[in-house]
Structures are given as C-alpha cells and as structure tokens.
Amino acid sequence: MLEFIVPFIVYLLAFVVGSLLALLVVKQLYPASSEHEALADLARKGVN
Amino acid sequence: MNINPFLVLLALLIGFALTWFLVVRKVVREVPILRPVSTGLDAAAGVAGVAGAAGGAGLVGAAASGHVDAPEVAPEVVTEVAHPVAAAPVYDWAHRLDAAEGQLAGASEVSEVSEVDEVDAAAPAVAVEASPVVDAAAGAVDDADPTPVASGVDYDAEWANEDTSVGLDLFDPEPANLIDDSDVIDEPAPVDAVEEPEPVVDAIEERVVAAAEPEVEVAPLPVAEASVAAGLVGAGAAAAVRRAASVPAPADGSSPEGYEVKGDSLAKLYLLDSDADFGRARADIWFTDESAAKDAGYAHYIRTPRPDAAARVAEPVVAAPVVAPVVAAAAVAPVAAPVQETLVDVPGDASAEEAVAAPYGPGSAVPKANGSGNERER
C-alpha cells in the first residue's frame with residue numbers, strides 16, 4: 001500500500017507545483033484577470 | 001517505492017499546461033480588447049465612472065470598475081486628476097487606450113495637471129473624514145446617514161436603471177450633463193458635520209471642470225465629423241449637379257430628350273454617338289454630353305479588339321471549305337469565305353497531295369462513300 005501511496009503523492013505534488021508555476025507565470029504575463037481588475041490597474045497606474 | 005523522475009517531470013508539465021490553458025483562456029475571455037456594445041455591468045460601470053469623474057471628483061470615476069471595486073480604489077485615486085480616460089465611457093476601450101497613450105506620451109502635460117490637482121486635492125483630503133458630501137461622492141455608504149445622495153448622483157438608481165436610460169446616455173459625447181452638479185454646489189453641507197464646506201465644494205467644482213475640459217480635448221470627433229459632414233455636403237452638392245447632367249435610362253430603352261451620351265453606371269463607362277458600339281450598347285444612365293460624363297467620373301469606352309480578332313483582320317481569309325476541305329481544316333478562321341484566295345498547306349509541311357490524302361492532318365483520311373475508312377497507304 002505504501003508503495004503505491006508515496007509515488008502517487010509525489011506525482012500529485014509535482015502536478016500541483018507545475019500548476020502553481022503556471023499560475024505564477026500567467027500572473028506575471030497577465031496581471032489583470034478580469035475587466036474590473038484591468039480598469040483598476042489603469043487607475044493605479046495613473047492613466048485613468 | 002521507486003519514483004520515476006521522468007514521471008514526476010511529466011506530472012509537473014501536465015499540471016503546468018493544464019493550469020496554463022485554463023487560466024489563460026479565462027483571462028482572454030474576460031478581458032476583451034474592444035467591446036463596442038455596452039450592456040449590463042459595463043453600462044452601470046460607465047455611468048458610475050462618468051458620474052464619479054465629474055460629480056464625485058474622480059473618486060468613483062477613476063476607479064470605473066463598478067460598485068465593488070470603487071471603495072478600495074478610490075482612496076488611491078483621490079489625488080489623481082479626473083482624466084478624460086475616466087470621463088470616457090467604459091465600453092470605449094479604444095478611446096480610453098488612445099487617451100492613456102497620449103497622456104503617457106505627453107508626460108509634461110500630465111504632470112502639470114496633476115500638480116494643479118494635487119494642490120486642489122489637499123483641501124478635500126482633509127475634509128473627507130468629516131464631510132458626508134465627499135463620502136457620498138466616494139461611493140462609501142454611510143450607514144448612519146439614510147440619504148447619502150448629497151452629491152446629487154444616486155448610484156443605486158442608476159444601477160437599477162442600467163439597461164434603459166443609462167445605456168443611451170453613454171453615447172452622449174458630453175458626459176458632464178449626466179451630473180446634476182447644481183445640488184453639489186448649491187446644497188449646503190450639514191452644518192454640524194462640516195465646519196468649512198467651501199473647500200469641498202471648490203474642489204469638486206474644479207474637478208468637475210477638470211473632468212469636463214479634457215473631454216473636449218480628447219474628443220476631436222465633433223470637429224472631424226463636422227469636416228466630414230462638410231465634405232459630404234460638398235459631395236452632395238456635386239452629386240446634385242451630376243444628377244442634373246444625367247438621368248437614368250428609361251425602362252423602354254429609348255433615349256431621353258437632350259441626352260446624347262450613354263453611360264454604364266456599373267462599369268463607369270460612357271459611349272458617344274460616334275462610337276461603333278453606341279447603337280447596340282444598353283445604357284442605364286444618360287448624360288447630356290461627354291463633359292458631363294467625365295465630370296461624373298465616367299471613362300470613354302473604347303473597344304479594343306481581341307488579339308485573335310486583330311490577327312484575323314490583319315491576315316486575309318484563305319479558307320474555302322467547299323473547294324478544299326483540307327484547307328478549311330487548316331485555316332485559322334472559322335468563318336467560311338466564299339471565295340478562295342490562296343491555298344494554304346496543312347501544318348507539318350505536308351504537301352498538297354498529302355493534304356488531300358490526309359485531310360485532317362497526318363494519319364487522317366477521307367472516308368469512303370459507305371462510311372468506312374481508307375486503308376493505310378504506305
């Protein structure tokens with residue numbers, strides 16, 4: 001049983017790490033995830 | 001308990017890719033570049049932005065992100081100038097971006113305006129805490145005050161009517177008329193709450209002006225439209241003159257009185273009476289004269305003969321199929337000339353006898369009377 005669970009958890013952790021990495025990259029590339037956030041960013045940057 | 005590192009890497013990559021596609025697709029779907037039609041939330045946000053830019057001294061308007069985001073953004077924007085970007089409708093992303101780029105390009109102008117505004121904003125920044133007027137303008141709902149509409153802008157009513165009256169107002173090029181600033185200026189603030197209401201009113205007034213003035217600068221459309229309209233008027237006048245010089249062709253195909261030039265409105269060509277094709281050309285417009293047709297942008301139709309027709313005209317017709325079917329087959333012109341002028345060899349340098357033996361070229365033969373073919377003669 002342990003022989004199955006541990007690798008499974010390791011792979012799951014790898015999946016989660018990859019997802020977090022993707023979220024991080026997406027957040028860097030696309031700071032605003034919605035129209036409201038985009039407008040709020042405009043306001044914060046002073047162009048509004 | 002053996003862990004394959006490649007599988008770990010694969011799981012990591014799968015997680016990355018899956019999350020990437022899910023999140024990026026969501027972002028692209030939710031952040032449109034251009035949304036020409038304003039509906040629902042956009043309309044309400046646009047009104048909130050426009051109303052806030054002028055009446056609320058740019059507090060809500062600068063946020064322009066609706067009811068939810070306004071309070072958290074507003075404190076940062078208190079010292080910001082009420083810019084034309086905020087005054088522009090939210091749905092109009094192109095104008096907003098253009099205005100933003102223009103402001104970024106002209107940094108000096110922005111800094112000048114900002115400095116002026118910051119000086120003005122110093123007074124209301126002090127009064128914000130005590131004045132319910134500014135609280136209402138900032139969109140912060142004061143529970144203790146049952147009527148937080150001192151600024152004259154009832155946001156709740158606008159949100160309730162967002163699909164009807166608000167939508168039409170968004171297309172108004174002068175959004176300042178949405179604001180009933182008379183209440184802001186004329187209505188005195190509560191005496192017990194505000195010791196000096198004047199700075200607040202002044203600041204709001206100047207912000208109203210600041211919100212209204214750049215709108216005129218940013219929106220050159222009226223000028224452009226005026227020039228375009230003037231051009232259209234000129235074109236219309238020219239078209240009227242053109243119409244006087246031309247008439248549509250009558251349905252019966254007759255030529256109208258006083259019009260001598262045929263025109264094809266689709267091809268923009270005209271034919272004169274002296275043209276060879278004038279008689280058989282079917283006109284859908286008639287002009288008084290050639291100059292009228294030229295003024296209308298029509299070109300003179302000059303028939304250019306096709307190359308093979310030119311060759312036919314240049315070379316004499318040589319075929320006489322009755323006399324010599326061989327020659328007829330070899331002749332280029334399909335038209336049967338009644339008179340034989342010259343004999344022409346068949347292609348392939350065949351002699352006249354061979355041409356008779358092989359009337360349709362080498363290997364051919366004239367059929368017999370019974371329809372059978374000739375035996376090959378070698």
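What's counted below: heavy atoms across the whole structure, side chains too, no hydrogens, waters or symmetry copies. Each chain gets a letter, A, B and so on, in the order the sequences are listed, and its residues count up from 1.
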How close do B:W20 and A:A22 get, counting heavy atoms only, and between which atoms?
N-CB, 3.9 Å
Quick note, salt bridge (Lys or Arg N to Asp or Glu O under 4.0 Å) partners involving residues 14-24 of chain A, not counting sequence neighbours, are none
Minimum heavy-atom distance between B:N4 and A:Y11, given as atom pair plus value:
N-OH, 3.2 Å
Looking only at non-hydrogen atoms, find the nearest pair between B:V8 and A:A14 and report the distance.
O-CB, 3.3 Å
Given A:V17 and B:F16, is the side-chain contact (heavy atoms from CB on, under 4.5 Å) satisfied, shown in steps?
CA-CA 8 Å; A:V17 168; B:F16 187 94; over 6 Å; no
If I measure from the heavy atoms of chain A, does B:I14 come under 4.5 Å with its side chain, its backbone, both, or neither?
both
CG/A:L21 to OG1/B:T19 distance, rounded to the nearest 0.5 angstrom?
9.5 Å
Below 4.5 Å from any heavy atom of chain B, which atoms of A:L29 appear? Answer side chain, backbone, both or neither.
side chain
